[in-house]
Amino acid sequence: MRIPRLALMAGALASLLFAGTAHAATAAPAYKPVLAKNPIYKTGKLGFDTCEEPKVPSGSLDEVKGYLDVVLDCLNAAWEPKIKKAGYAFSKPSLQVITKVGTATGCGKFPEGAQAIYCPGNKKITYLLSWNLVEEPNDLILMLVLAHEYGHHVQHLTGMFKVETRYNGKNEARVLDEARRFELQAECLGGVFIGSVWHSLGRPDTDFTYLVKNGGTGLDLSAIGVKVEGWGEKTHGNASNIGRWLKSGFDTESAGGCNTWTAPKSKVSK
């Protein structure tokens with residue numbers, strides 16, 4: 001999920017205050033093979049290199065919906081061969097574009113403070129068209145938010161969308177470590193897609209580096225039952241790590257660059 005732009009920037013600025021803090025190179029906890037050794041990591045580069053973005057000059061509902069439909073077609077075409085190569089069944093997610101918080105999604109009402117959510121129960125991405133999303137209609141964030149939510153779809157199809165079933169009986173530190181790894185991986189998978197199609201977009205490099213420097217999409221876990229009010233970077237990871245995983249996906253163009261489940265704690269820290 002994505003936090004609205006102003007909240008994203010506030011989180012990024014807060015993280016800068018602690019940028020000089022040293023982190024111990026603590027090893028990752030042991031996670032199940034479906035997470036740490038998933039076959040999707042060995043499927044190689046995405047290999048899908050062209051996605052023609054429609055123009056979004058005014059940011060109207062029809063323009064944004066048309067844009068997202070085209071990008072979703074690209075995401076399906078890009079990831080289907082890799083999901084199948086990893087040995088999993090592929091299915092397409094549906095897309096719902098809404099203009100009002102509280103709209104039914106299949107995972108309850110659309111939560112306050114989110115830009116988009118993925119519901120595994122009905123494999124649906126619900127995307128909120130809000131003023132902050134289209135304050136700059138051609139901002140790359142339009143694509144990244146969708147690619148991030150599609151990353152959750154990839155996690156679901158490959159058996160990795162397990163966070164919501166693993167909280168019982170865990171201490172808070174473990175819960176938050178899992179939450180960050182889960183969301184940072186989706187951010188990285190979003191970067192994989194953008195890196196793969198980048199040269200077809202005709203965008204300046206600054207469009208992407210801006211997102212890396214400012215913490216990517218900004219993330220939220222309320223759609224899967226985790227109350228994040230006031231938790232901030234505890235669940236999201238700090239802006240530096242969000243940007244790092246986004247860039248890892250972009251640079252590698254492969255899910256193999258997104259194995260957050262074996263990363264040291266410093267790479268997924270708050």
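For the pairing with Tyr67, the side-chain contact (heavy atoms from CB on, under 4.5 Å) check across Leu146, Leu142, Asn138, Val97 returns one residue only, Leu142. Looking at Glu135, Lys100, Gln115 one by one, the single match for side-chain hydrogen bond (donor to acceptor under 3.5 Å, both in side chains) with Ser130 turns out to be Gln115.
Ser94 and Asn122 form no side-chain donor-acceptor contact under 3.5 Å, judged by distance and modelled atom types alone.
The aromatic rings of Phe48 and Phe193 lie parallel to each other, with less than 30° between the two planes, well short of the 60° mark. Ring-plane geometry between His152 and Phe161 is classed as perpendicular, the angle between the planes exceeding 60 degrees on a 0 to 90 degree scale with a lower cut at 30.
Inter-residue side-chain proximity for Asn76 and Pro93 is flagged as met; some heavy-atom pair is nearer than 4.5 Å. Under the 4.5 Å side-chain criterion, counting only non-hydrogen atoms from C-beta, Leu184 is in contact with Ile242. Residues His199 and Asp49 are not in side-chain contact: their nearest non-hydrogen atoms beyond the backbone lie 4.5 Å or more apart. For the pair Val154/Ile83, a side-chain contact is recorded, criterion being any heavy-atom separation below 4.5 Å from C-beta on. When side chains are defined from C-beta on, Leu144 counts as touching Glu187, because their heavy atoms get closer than 4.5 Å. Contact check for Thr158 versus Tyr41: no side-chain heavy atoms found under the 4.5 Å cut-off. Between Lys65 and Tyr127, the closest side-chain pair of non-hydrogen atoms is not below 4.5 Å. Side-chain atoms of Leu95 and Leu68, non-hydrogen and from C-beta on, do get closer than 4.5 Å to each other.
Of all heavy-atom pairs spanning Pro120 and Cys107, the tightest one is CD-SG, 4.0 Å. Closest approach of Lys123 and Ser91 over heavy atoms only: NZ-OG, 2.9 Å. Closest approach of Ala116 to Glu149, counting heavy atoms only: O-OE2, 3.2 Å. Considering every non-hydrogen atom in both Ser269 and Arg180, the closest pair reads C-NE, 3.8 Å. Here the closest non-hydrogen pair linking Val56 and Pro137 is O-CB, 2.7 Å. Closest approach of Ser254 to Cys258, counting heavy atoms only: O-SG, 4.0 Å.
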message = Tyr210 vs Leu140, test: side chain to side chain contact (heavy atoms under 4.5 Å, CB included). Steps then yes/no.
response = CA-CA 9 Å; Tyr210 171 83; Leu140 186 61; over 6 Å; no
request  = For the pair Ser58 and Glu63, evaluate side chain to side chain donor-acceptor pair (under 3.5 Å) and give the outcome as yes or no after the intermediate values.
outcome  = CA-CA 8 Å; Ser58 69; Glu63 286 177 355; 2.9 Å; yes
request  = Please lay out, stage by stage, how His153 and Leu75 fare under the test side chain to side chain contact (heavy atoms under 4.5 Å, CB included).
outcome  = CA-CA 11 Å; His153 184 60; Leu75 283 158; over 6 Å; no
key: side chain to side chain contact (heavy atoms under 4.5 Å, CB included) assessment of Leu246 paired with Phe208   = CA-CA 10 Å; Leu246 175 60; Phe208 182 73; 3.8 Å; yes
task = Could you check Trp79 against Leu189 for side chain to side chain contact (heavy atoms under 4.5 Å, CB included), going step by step and ending with a plain yes or no?
result = CA-CA 10 Å; Trp79 281 109; Leu189 293 171; 3.8 Å; yes
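Distance check: Phe90 CZ to Leu157 CG gives 6.5 Å after rounding to the nearest 0.5 Å. Rounded to the nearest 0.5 angstrom, Cys188 SG and Asn259 CG are separated by 9.5 Å. Taking CD1 of Ile194 as the start and CG of Leu201 as the end, the distance is 8.0 Å to the nearest 0.5 Å. Distance check: His156 NE2 to Tyr118 OH gives 4.5 Å after rounding to the nearest 0.5 Å. Rounded to the nearest 0.5 Å, atoms CE (Met160) and OG1 (Thr260) are 8.0 Å apart. The OH atom of Tyr88 sits 10.5 Å away from atom OG1 of Thr43, with the distance rounded to the nearest 0.5 Å.
Side chain of Ser200 to backbone of Cys51: a donor-acceptor contact under 3.5 angstrom is found. A donor-acceptor pair under 3.5 Å is formed between the side chain of Trp245 and the backbone N or O of Lys267. Although no hydrogens or angles enter the test, the distance criterion places a donor-acceptor pair under 3.5 Å between the side chain of Ser248 and the main chain of Gly257.
Under the 4.5 Å side-chain heavy-atom criterion for grouping Ile, Leu, Val, Met, Phe, Trp and Tyr, Val145 is not connected to Val70 through any hydrophobic cluster.
When the shell of 6.0 Å around NZ of Lys45 is examined, it contains 12 or fewer heavy atoms from other residues, nucleotides or ligands.
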